[in-house]
Amino acid sequence: MLDLSNFDLSSIPVKDSMIDAEIVAHVQLQNPLEHALLVLTKTGYNAVPVLDLESKFCGIISKSNIVEEMFGIEQIEVSRLHEKKVEDVMESDVPTITEQDSLEKALHILINYSFVCVVDEEEKMQGIYTRREILKQIRNEFYRQQSK
Ligand code: AMP
């Protein structure tokens with residue numbers, strides 16, 4: 001059985017296993033929703049970070065944010081995708097972590113979000129930390145125990 005009693009998440013630094021900003025798909029505040037939907041569809045992600053022109057993290061946009069916006073009173077109105085911008089529908093009150101934080105802080109945030117953005121002191125995105133990474137850490141601990 002997996003015994004996590006000696007597994008200290010607070011001692012594992014975030015930067016050791018985050019996905020670097022260079023390979024994180026993102027959209028910008030001023031992009032039309034049409035562009036955001038294209039990025040989400042092509043990457044296959046449910047949600048991606050929203051950045052401003054200085055790469056500062058501003059929030060998260062998801063497919064469901066966009067689909068909800070498309071619903072008019074009587075029908076789906078695709079024209080709204082040209083009219084509205086990412087900043088109009090994104091979720092902006094989103095917690096972040098820094099590279100100095102431990103995985104323990106990330107774990108709490110990842111209960112409600114599928115990823116958490118890692119930012120520097122100017123709020124610029126350095127990368128993201130995902131649920132998959134937390135699960136990998138736990139799996140690795142499992143194999144470490146088995147090999148003892
Ligand atoms: P995962 O735990 O790997 O399923 O990832 C959780 C979520 O993190 C995904 O559903 C995406 O919203 C986001 N994500 C993962 N990798 C990337 C990436 N390279 N670029 C943008 N978003 C990502």
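Start at 1 and go down the list; that is how both ligands and their atoms are numbered. All heavy atoms count here, side chains included; hydrogens, waters and symmetry mates do not.
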Please list, by chain and number, the protein residues whose heavy atoms come under 4.0 Å of ligand 1. Ile19, Ile23, Val24, Ala25, Tyr45, Ala47, Val48, Ser114, Phe115, Ile128, Thr130, Arg131, Arg132
Can you tell whether the side chains of [X] and [Y] come within less than 4.0 Å, N to carboxylate O?
| X | Y | result |
| --- | --- | --- |
| Asp52 | Lys56 | no |
| Glu87 | Lys85 | no |
| Arg80 | Glu83 | no |

Do the side chain of Arg131 and the main chain of Phe115 share a donor and acceptor less than 3.5 angstrom apart? no
Between Ile61 and Val48, is there a side-chain heavy-atom distance shorter than 4.5 Å? yes
Within-4.5 Å side-chain heavy-atom neighbours: Thr98 and Asp120: no
